[in-house]
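Labels below follow one simple rule: chain letters A, B, ... track the order of the sequence lines, proteins then strands, and each chain is numbered from 1.
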Protein chains: 2
Amino acid sequence: MNEYLTTFDDHLDGRYGQIGTAERANFEIKAKAFAIGEIIRDARKEARMTQEQLAERTGTKKSFISRIENGRSDIQLSTLYKLLEIGLGKRVNLTIG
Amino acid sequence: MNEYLTTFDDHLDGRYGQIGTAERANFEIKAKAFAIGEIIRDARKEARMTQEQLAERTGTKKSFISRIENGRSDIQLSTLYKLLEIGLGKRVNLTIG
DNA sequence: TTTTTTGTTCCATTATTAGTTAACTTTGAG
DNA sequence: CTCAAAGTTAACTAATAATGGAACAAAAAA
């Protein structure tokens, strides 16, 4: 079971200028959300599946999978569940600490 | 720490007619995604915060919080992080089993 | 009960994801 | 190298989340 405990800074490169804390927080939140792609790709590789196979199992296209895996989409919760649970047979466990 | 391990059926009422398995799976995924509202409301109550306070801390409006808590929105991942981590100071822990 | 606070719902607008196709690039086998 | 499989990207439409405001309802306080 892979664990993905992340801090905001995991997904930043430290190169922003003079922005407010609210704006920075928003940027960091987006970066964290986009990082889900890496997790999905890892899970797909682990399942030894191609993007096309995952797409077919979830009723979508490989281009859509690629976009997500490359961190270009802030996906909806239903998409997260669909890809990981239906597509890859994983169990998504969400805990609030 | 509250744990929200859910099965699809937790969020269904069992009253659907003759629909295919793909359609049913899709419906269940949606239901599961919508169920995040309950989790957010629990966390907010635990933090003794009003919807308006949570809205203010996350740069949004109480009407938006209400809609989510009542399971009327399939929110994006960034919204999940924004409300729980920035708004409520919780830690969202996502594990893939 | 009256007033205030908190929460819900509706409407309209904007922004972005979901979904798709096609062309292109990269990778891996043979 | 050549070919095929796998992955990436751009462009586009449709669906829907995000947002804001206002009116209303419910709950809590005075």
- Starting from the C-alpha separation in whole Å, work towards a yes-or-no answer on salt bridge (charged side-chain N to carboxylate O under 4.0 Å, His left out) for Glu52(B) and Lys61(B). CA-CA 7 Å; Glu52(B) 194 154 41; Lys61(B) 302 294 174 193; over 6 Å; no

[X] with [Y]: basic N within carboxylate O range, under 4.0 Å:
X        : Y        : value
Lys32(B) : Glu85(A) : yes
Glu56(B) : Lys62(B) : no
Glu69(A) : Arg44(A) : yes

Write down the distance between [atom1] ([X]) and [atom2] ([N]), rounded to a whole number of angstrom.
X        : N       : atom1 : atom2 : answer
Glu52(A) : dA4(D)  : CD    : C1'   : 12 Å
Arg67(B) : dT19(D) : CZ    : P     : 10 Å
Gln53(A) : dA5(D)  : CD    : C1'   : 11 Å
Gln51(A) : dT21(C) : CD    : P     : 17 Å
Glu56(B) : dT19(D) : CD    : P     : 15 Å
Leu77(A) : dT16(D) : CG    : P     : 16 Å
Asn26(A) : dT19(D) : CG    : C1'   : 13 Å
Lys30(B) : dT17(C) : NZ    : P     : 14 Å

- Task: Just compare dG7(D), dA10(D), dA18(C) and give me whichever is closest to any side-chain atom of Lys45(A).
- Result: dG7(D)

- Message: Counting the atoms with a prime plus P, OP1 and OP2 as sugar-phosphate, which does Thr79(A) contact under 4.0 Å by heavy atoms, base, sugar-phosphate, or nothing?
- Response: sugar-phosphate

- Would you classify Ile65(B) as touching base, sugar-phosphate or nothing, given that sugar-phosphate means primed atoms plus P, OP1 and OP2, and contacts are heavy atoms under 4.0 Å? nothing

Can a donor-acceptor pair under 3.5 Å be found between the side-chain atoms of [X] and the base atoms of [N]?
X        : N       : value
Thr60(A) : dT20(C) : no
Lys62(A) : dG7(D)  : yes
Thr50(B) : dG7(C)  : no

Below 4.0 Å: OP1/OP2 of [N] and any side-chain N or O of [X]:
X        : N       : value
Ser66(A) : dT9(D)  : no
Arg41(A) : dA6(D)  : no
Ser73(A) : dA18(C) : yes
Gln76(A) : dT16(D) : no

- Item | Given DNA chain D, 5'-ward residue of the pair Phe64(A) and Lys82(B), judged by closest heavy atom | Phe64(A)

- Side-chain heavy-atom pair Tyr81(A), Ile86(A) within 4.5 angstrom cut-off: no

